[in-house]
S.K.: 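Questions regarding the structure given below will be posed in turn.
Below, chain A is the first sequence line, B the second, and so on; all start at residue 1. All figures in this text were calculated on a predicted structure; none of them were measured in a lab. Hydrogens, waters and symmetry mates are skipped; everything else that's a heavy atom, side chains included, is used.
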Amino acid sequence: MPRWLGIYQLKLCFLYRYHYYSEVPNSISKHIGPSTSERFNLNGTTTRRFHHTQTPRSSNARVPHDTLYEVRRQLPNWSRKTTISQFSDQRDKMEVQIEDSGKAKQMVVLLIGPPGSGKSTFCDTVIRSSHRPWSRICQDIISNGKAGTKAQCLKMAMDSLKEGKSVFIDRCNLDKAQRSEFIKLGGPEVEVHAVALELPAQVCISRSVKRTGHEGNLQGGRAAAVVNKMLQSKELPKVNEGLSRIMFCYNDADVENAVKTYSALGPMDSLPSGCFGLKSSDTKSQPGIMKFFKKVTALPASSSNEVTEATRRATEATTEATRKADEKVENFRDSPAKLGSADIVPTLAFPSISTADFQFDLEKAADIIVETAEEFLPKLGTARLVLVDLSHGSKILSLVKAKASRKNLDLRRFFTFVGDITKLHSEGGLHYNVIANAANWRLKPGGGGVNAAIYKAAGPDLEAATRARANTLLPGKAVVVPLPSTCPLQNAEGITHVIHVLGPNMNPNRPNFLNNDYTKGCKTLREAYTSLFEGFLSIVQDQSKFPKRSSQATMSDSGENINEESERNTKKYKEDKAIANSLESGVVDDTRDSDLKMSKGWSSWALALYNIAMHPEKYENVVLESSDDIVVINDQYPKARKHLLVVARQESVDGLEDVRKENLQLLQEMHNVGLKWVEKFQKEDASLIFRLGYHSVPSMRQLHLHVISQEFESDNLKNKKHWNSFTSSFFRDSVDVLEEVKSQGKANVASEDLLKGELRCNRCRSAHPNIPKLKSHVRICRSHFPDHLLHNNRLLVRPE
DNA sequence: GTTCTAGAAC
DNA sequence: GTTCTAGAAC
């Protein structure tokens with residue numbers, strides 16, 4: 001095996017097992033034996049990594065999931081009861097009274113941040129001044145003062161919780177997967193919080209570089225590489241992971257505020273749930289390592305006196321939330337037991353449609369709401385419908401409450417709630433995942449009321465996502481819009497979908513008013529709620545039909561699983577489409593043609609690469625190589641003896657058309673990886689000739705580079721489209737793409753018409769009447785390749 | 001992307 | 001009658 005391939009495999013191994021590795025100094029690793037692997041650092045030294053999953057250092061190193069449950073059961077206060085008294089509250093809130101057994105709630109607080117972000121300092125400072133018993137669990141020292149494993153951390157956390165302590169998890173916890181098992185420690189008596197230390201990368205690197213006594217031995221220049229690498233895979237924590245409280249800290253002042261918050265907690269105190277201090281823009285982009293090295297001496301120090309907007313907001317939010325908690329208003333808050341990400345009850349929060357600006361009669365509207373809810377509740381399983389109004393004195397809420405209580409409805413699943421529909425979780429403690437918007441017919445932001453509030457809270461993401469689904473809406477109709485993961489509403493509140501609804505207008509001062517025609521008005525309003533609840537039902541069904549499976553199960557069989565995964569996505573797509581279709585009469589679509597392109601309605605088969613790129617760990621047996629940026633797989637239907645795909649992992653780049661200057665580094669990496677594989681193949685068979693390139697218009701979602709040998713000897717090459725996609729100018733050589741993106745900011749893409757062109761030999765360019773005849777010719781043609789391919793290394797021939 | 005198949009081309 | 005393609009369905 002060539003030496004470089006060996007290194008490659010080691011690298012691969014590292015990437016797959018990333019979460020189970022921890023850095024250990026060379027001095028320790030001597031004792032580790034065969035499961036260590038060497039890797040080379042920027043500063044030229046070698047470190048070793050210990051593969052804990054293969055060689056656990058102690059019998060308790062890995063803790064099976066089911067034991068977590070057992071341990072939770074043994075925790076103190078497990079049996080605290082919850083009683084619900086519905087609709088009895090004068091304050092228009094659904095009441096949940098928690099019987100206080102007088103014991104304190106424990107906390108698991110996950111610190112989130114790269115090395116140098118100040119996690120250990122944070123914990124130490126809180127522990128020094130806190131009256132609550134804390135345990136700090138630090139992966140860097142957990143194994144007799146040396147670095148240990150995640151499993152050891154989990155074990156120690158559980159032990160500390162059993163002892164009645166609250167726990168700081170002092171490890172990077174940068175992505176969702178790293179956090180998930182610690183979040184599972186939560187239960188009825190254990191809240192799980194996160195404190196995200198979002199300090200500038202330079203600050204973290206600078207601290208890591210300068211520190212001399214760090215427990216994890218992450219010192220010197222190597223820190224820069226490690227911090228940057230880690231930040232690449234960072235995922236901001238979200239409430240829907242199962243965290244009941246998240247504090248974001250962007251500078252020293254924010255950190256100080258968070259330290260104070262936790263330091264002040266006595267054994268009996270608790271903190272309001274929600275998401276505090278989140279800035280809307282992700283600060284994921286980090287300066288390159290080399291750039292850092294140049295600037296390391298002139299780092300802008302973050303001032304501890306500087307009170308930023310984020311701090312102000314964080315402080316305000318905390319104060320406000322604390323004030324509310326202090327009022328001892330027994331708001332309806334979902335208990336942390338429900339917070340496990342898998343356990344969150346699907347909940348639609350919806351405003352009363354048409355009763356505000358559209359002046360629909362409140363009595364009639366309340367009847368329709370209750371009747372439609374009654375119709376849908378049995379179909380919705382455990383899912384909940386929550387009517388929301390901003391004001392305590394809302395007439396519609398009391399009418400609905402009164403009418404609902406007279407009917408035999410499950411009032412735990414249908415109730416009213418007072419609050420800002422965009423902040424029900426962070427400010428009201430209600431868990432919800434879908435909100436309805438009382439939209440305008442143009443589906444535009446602005447206006448007033450709920451529509452303006454929702455568009456404002458969701459940011460521009462919502463408008464774009466809406467535009468991809470529909471341009472306008474007719475009264476009585478609804479349109480389901482999934483929110484992108486970047487949307488602040490999803491991050492802060494856990495909302496995954498917005499359903500726009502348009503109700504009938506009774507206001508003579510607004511266009512298209514119904515002139516008091518309540519026969520028509522009631523019909524349309526009923527239709528509107530039906531459309532809304534149907535939309536919500538489809539989301540609920542989608543989520544329950546396709547629960548997340550364990551990665552183990554998906555690794556068993558590649559091909560099938562790719563299809564299953566695709567199937568799931570298609571199903572989602574189809575259902576969304578079905579909703580759209582069912583609403584078609586109502587959705588005035590003036591850009592029918594471009595709509596598909598805008599919504600990028602990829603079919604199931606077209607999502608296979610995307611799925612692999614997003615979850616390479618699930619496709620272990622098809623992925624030949626992977627990094628943070630790319631995965632390499634064999635084309636499932638190779639059109640030549642050697643045919644690989646280098647797939648970009650970045651989510652937003654579906655194909656060549658999406659490529660811009662900011663993707664240059666990615667393109668270059670894809671090209672380099674392609675070249676490496678060509679080298680490998682040519683070592684095995686020197687006669688192979690390759691091209692690296694992209695299809696101008698790909699059939700499969702997710703930018704992918706074809707690495708394909710030029711003899712095109714394959715039974716899978718069956719038709720004109722196959723042939724022309726690799727041999728006409730529809731195929732864009734990677735070198736040209738790189739050049740074009742560098743010089744003009746994007747790549748040229750050729751027309752799909754080229755795929756229908758005549759069949760010509762890729763060497764001599766002779767034309768042939770059909771595929772079989774062409775293939776017979778190509779098998780024997782030994783002409784030189786066309787001139788243009790001989791330049792710029794478009795054609796990769798093994799050098800003699 | 002593939003598979004299937006009606007019907008065009010031979 | 002057989003081969004091959006193009007378009008629909010998935």
Side-chain angles (χ1 to χ4, degrees), chain A residues 545-546 557-578 580-581 592-593 596-597 599-616 619 622-624 631-648 653-658 693-709 712-728 730-732 749-761 766-779:
Chain A
K545 262 185 220 162
F546 310 109
D557 182 329
S558 71
E560 242 174 88
N561 280 312
I562 294 173
N563 292 336
E564 278 177 32
E565 178 81 15
S566 305
E567 197 70 29
R568 213 176 335 151
N569 270 305
T570 312
K571 201 96 186 179
K572 165 115 195 70
Y573 165 66
K574 277 186 181 166
E575 282 177 15
D576 289 350
K577 211 171 153 189
N581 285 344
R592 210 162 278 277
D593 248 356
L596 186 71
K597 213 163 191 177
S599 66
K600 299 210 175 175
W602 300 92
S603 296
S604 65
W605 49 263
L607 291 168
L609 297 180
Y610 170 79
N611 292 329
I612 296 173
M614 293 304 125
H615 304 286
Y619 303 98
V622 287
V623 173
L624 305 174
V631 289
V632 180
I633 57 171
N634 272 311
D635 192 298
Q636 206 182 351
Y637 298 91
K639 304 298 183 294
R641 276 159 64 189
K642 297 292 178 193
H643 184 184
L644 294 181
L645 304 178
V646 181
V647 187
V653 196
D654 290 341
L656 201 53
E657 274 183 292
D658 300 323
Y694 301 87
H695 284 158
S696 287
V697 184
S699 300
M700 313 260 305
R701 176 175 177 182
Q702 202 64 11
L703 182 70
H704 53 281
L705 173 75
H706 290 271
V707 176
I708 186 163
S709 58
F712 294 107
E713 196 183 296
S714 164
D715 291 342
N716 295 310
L717 200 161
K718 293 173 177 169
N719 59 43
K720 193 176 248 187
K721 185 177 177 183
H722 291 156
W723 179 257
N724 285 335
S725 71
F726 290 103
T727 60
S728 74
F730 183 84
F731 187 83
R732 302 296 338 278
V749 287
S751 159
E752 284 178 279
D753 294 346
L754 285 162
L755 299 175
K756 293 174 185 158
E758 55 191 355
L759 295 167
R760 287 186 175 272
C761 172
S766 60
H768 298 267
N770 56 43
I771 287 286
K773 292 199 165 76
L774 170 79
K775 287 177 93 171
S776 309
H777 165 82
V778 169
R779 259 194 294 276

S.K.: Under a 4.5 Å cut-off applied to non-hydrogen side-chain atoms, are His706(A) and Asp635(A) in contact?
M.R.: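 Contact flag for His706(A)/Asp635(A) side chains = yes.
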S.K.: How does protein reach along nucleotides 1-10 of chain B, written 5' to 3' as B (base within reach of a heavy atom under 4.0 Å), S (only sugar-phosphate), or - (no contact)?
M.R.: BSS-------
S.K.: May I ask you to test the Val749(A)-Val697(A) pair for a side-chain heavy-atom distance under 4.5 Å?
M.R.: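 Not in contact.
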S.K.: Any donor and acceptor pair, going by atom type alone, linking the side chain of Ser728(A) with main-chain N or O of Phe730(A) inside 3.5 Å?
M.R.: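 It does hold such a pair.
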S.K.: Partners of Phe712(A) by ring pair (Phe, Tyr, Trp, His ring centres under 6.0 Å), sequence neighbours excluded?
M.R.: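 Ring pair (Phe, Tyr, Trp, His ring centres under 6.0 Å) list for Phe712(A), sorted by chain: Trp723(A).
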S.K.: Using ring pair (Phe, Tyr, Trp, His ring centres under 6.0 Å) as the criterion, list what pairs up with His777(A), not counting sequence neighbours.
M.R.: His768(A)
